[in-house]
Amino acid sequence: MTKGTSSFGKRHSKTHTTCRRCGEVSFHLQKKVCASCGYPSAKMRRFDWGMKAKRRRTDGTGRMRHMKTVARRFKNGFREGTQAPAKAKAAAN
């Protein structure tokens, strides 16, 4: 048996399938752990040596349904249930 071409023809079983949390084809079928996000662990898998990987899925890479309004609300002191004070009208020339 050689270790080259003839051996590659025997590779037809899948070790990884799609992960339900991150969507990558990184969920190991025998280990039952995702190599990309670490599912089913409660914490997401991330390391300081993988800066690019962290950049791909950090804050600001999605819709940011909540976070995109926080800066504006912070500027106004997180006021709620009140009317914004009326702006002074510009002097007419």
Side-chain angles (χ1 to χ4, degrees):
M1 181 69 60
T2 61
K3 55 184 179 181
T5 308
S6 57
S7 298
F8 282 91
K10 300 184 187 307
R11 304 196 307 181
H12 54 73
S13 61
K14 291 188 175 180
T15 53
H16 295 91
T17 190
T18 311
C19 173
R20 349 170 29 166
R21 178 159 70 182
C22 66
E24 300 283 334
V25 184
S26 304
F27 188 78
H28 198 284
L29 290 167
Q30 288 185 332
K31 295 182 184 177
K32 300 292 186 218
V33 174
C34 178
S36 180
C37 72
Y39 179 84
S41 172
K43 294 184 178 180
M44 287 287 280
R45 173 187 176 273
R46 76 188 258 169
F47 297 100
D48 285 339
W49 48 257
M51 288 306 295
K52 274 184 165 179
K54 286 167 75 171
R55 201 181 309 143
R56 285 184 202 112
R57 54 169 160 246
T58 189
D59 296 337
T61 57
R63 281 175 59 186
M64 295 208 317
R65 288 175 293 228
H66 170 71
M67 288 296 293
K68 65 182 167 188
T69 64
V70 171
R72 170 175 48 82
R73 288 168 47 232
F74 169 76
K75 186 176 66 175
N76 298 311
F78 294 100
R79 64 182 177 210
E80 283 185 337
T82 59
Q83 192 78 21
K87 290 184 178 179
K89 289 194 173 185
N93 289 330

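We count residues from 1, following the sequence as given. FYI, side chains are in, hydrogens and waters are out, and symmetry mates aren't considered; it's all heavy atoms of this structure.
- Summarising the local packing, CZ of R20 is surrounded by 12 or fewer heavy atoms from other residues, nucleotides or ligands at distances under 6.0 Å.
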Given side chain to side chain contact (heavy atoms under 4.5 Å, CB included), test K54 with D48 step by step and report yes or no.
CA-CA 8 Å; K54 286 167 75 171; D48 285 339; 2.9 Å; yes

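- A 6.0 Å sphere centred on CZ of R65 holds no more than 12 heavy atoms belonging to other residues, nucleotides or ligands.
- The ring pair (Phe, Tyr, Trp, His ring centres under 6.0 Å) contacts involving residues 20-57 comprise H16-H28, F47-W49, where partners must be two or more places apart or lie in separate chains.
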CA sep, side-chain torsions, deciding dist, call: C19, S36, side chain to side chain contact (heavy atoms under 4.5 Å, CB included):
CA-CA 9 Å; C19 173; S36 180; over 6 Å; no

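- Note that the CZ atom of R46 and the CZ atom of R56 stand 13.0 Å from one another [nearest 0.5 Å].
- Enclosure of atom NZ in K68 by more than 12 non-hydrogen atoms of other residues, nucleotides or ligands within 6.0 angstrom is indicated.
- Across all non-hydrogen atoms, the minimal contact from P40 to V33 is CD-CA, 4.2 Å.
- The line from CD of E24 to SG of C34 is 7.5 Å long, rounded to the nearest 0.5 Å.
- Within 6.0 Å of atom CE in M67, 12 or fewer heavy atoms from other residues, nucleotides or ligands are found, so the atom counts as exposed in its surroundings.
- No donor-acceptor pair under 3.5 Å is formed between the side chain of T58 and the backbone N or O of R55.
- In plain terms, the two heavy atoms of A84 and R79 that are nearest each other are CB-NH2, 3.7 Å.
- In this structure, D59 places its CG atom where only 12 or fewer heavy-atom neighbours from other residues, nucleotides or ligands lie under 6.0 Å away.
- Between atom CZ of residue R72 and atom NZ of residue K75 there is a gap of 8.5 Å, rounded to the nearest 0.5 Å.
- What you find for T18 and G23 is that their closest heavy atoms are CG2-O, 3.6 Å.
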